[in-house]
Amino acid sequence: AQSVTQPDIHITVSEGASLELRCNYSYGATPYLFWYVQSPGQGLQLLLKYFSGDTLVQGIKGFEAEFKRSQSSFNLRKPSVHWSDAAEYFCAVVRANFGNEKLTFGTGTRLTIIP
Amino acid sequence: SQTIHQWPATLVQPVGSPLSLECTVEGTSNPNLYWYRQAAGRGLQLLFYSVGIGQISSEVPQNLSASRPQDRQFILSSKKLLLSDSGFYLCAWSGQETQYFGPGTRLLVL
């Protein structure tokens with residue numbers, strides 16, 4: 001069965017500092033990979049996704065992620081965080097061409113920004 | 001463009017009372033629809049998904065049920081709520097291999 005691991009439950013960074021959130025997956029097939037962000041009390045918003053091609057994908061709000069097949073990782077990065085980036089971040093994976101298959105989510109990483 | 005709505009936004013219900021949460025999608029036809037629950041401090045748990053009208057798949061045995069009476073309407077129900085049903089309920093639809101989420105309903109069972 002597929003699984004997603006986000007090893008960092010909570011990360012605190014200073015405003016303006018760089019950010020990297022880790023995501024590792026275990027999957028027996030070609031995966032589609034996603035990052036979502038959830039502000040308190042809100043739904044999940046799609047930040048970016050990887051299906052194929054260039055392994056470095058750009059998303060909204062200045063985020064990017066890099067797919068590394070050899071490491072089974074899909075880490076999320078941002079060069080300079082803003083206070084508004086404080087939220088919970090979820091990595092998710094599904095089998096390619098998933099149709100009605102289900103996403104598998106990581107348990108999330110809560111990001112706190114300090115001035 | 002597509003939008004997804006959830007109603008109500010917040011709900012406080014006594015134990016043993018019934019529940020009905022509604023999710024509607026606009027701007028697309030025949031979407032796959034999903035209900036998730038997010039308990040406090042925990043990740044997302046898929047409860048139900050639907051690939052068409054009247055077609056419901058349940059992921060975990062529980063006190064809840066789902067129905068899809070119309071193409072773009074997905075309803076989550078319970079006959080008698082339990083304290084453990086408290087949480088944040090998210091509806092999602094999928095298109096082009098991607099799931100998009102609604103704003104959620106916060107349910108507090110007292």
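Chain letters run A, B, ... following the sequence lines, proteins first, then strands; residues in each count from 1. The analysis underlying the following values was restricted to heavy atoms, covering all of them including side chains, and did not include hydrogens, waters or symmetry mates.
Scanning residues 10-20 of chain B against chain A with a 4.5 Å non-hydrogen threshold yields no residues.
If you measure heavy-atom distances from B:Q45 to chain A, you find no contacts under 4.5 Å at all. For A:L44, the parts lying under 4.5 angstrom from a heavy atom of chain B are both the backbone and the side chain.
If you look at A:F74 and A:F34, their ring centroids are not closer than 6.0 Å. You'll find the ring centres of A:Y36 and A:Y89 outside the 6.0 Å limit. Aromatic ring centres of B:W35 and B:F48 lie farther apart than the 6.0 Å criterion allows.
Screening residues 70-110 of chain B for disulfide bond (SG atoms under 2.5 Å apart), with sequence neighbours left out, gives B:C23-B:C91.
A:D85 and A:K78 are joined by a salt bridge, as a carboxylate oxygen and a charged side-chain nitrogen come within less than 4.0 angstrom of each other. Looking at A:E88 and A:R110, no side-chain N of the basic residue comes within less than 4.0 Å of a carboxylate O on the acidic one, giving no salt bridge.
Cation-pi geometry between B:R106 and B:F88 is satisfied (NZ or CZ under 6.0 Å from the ring centre, within 45° of the ring normal).
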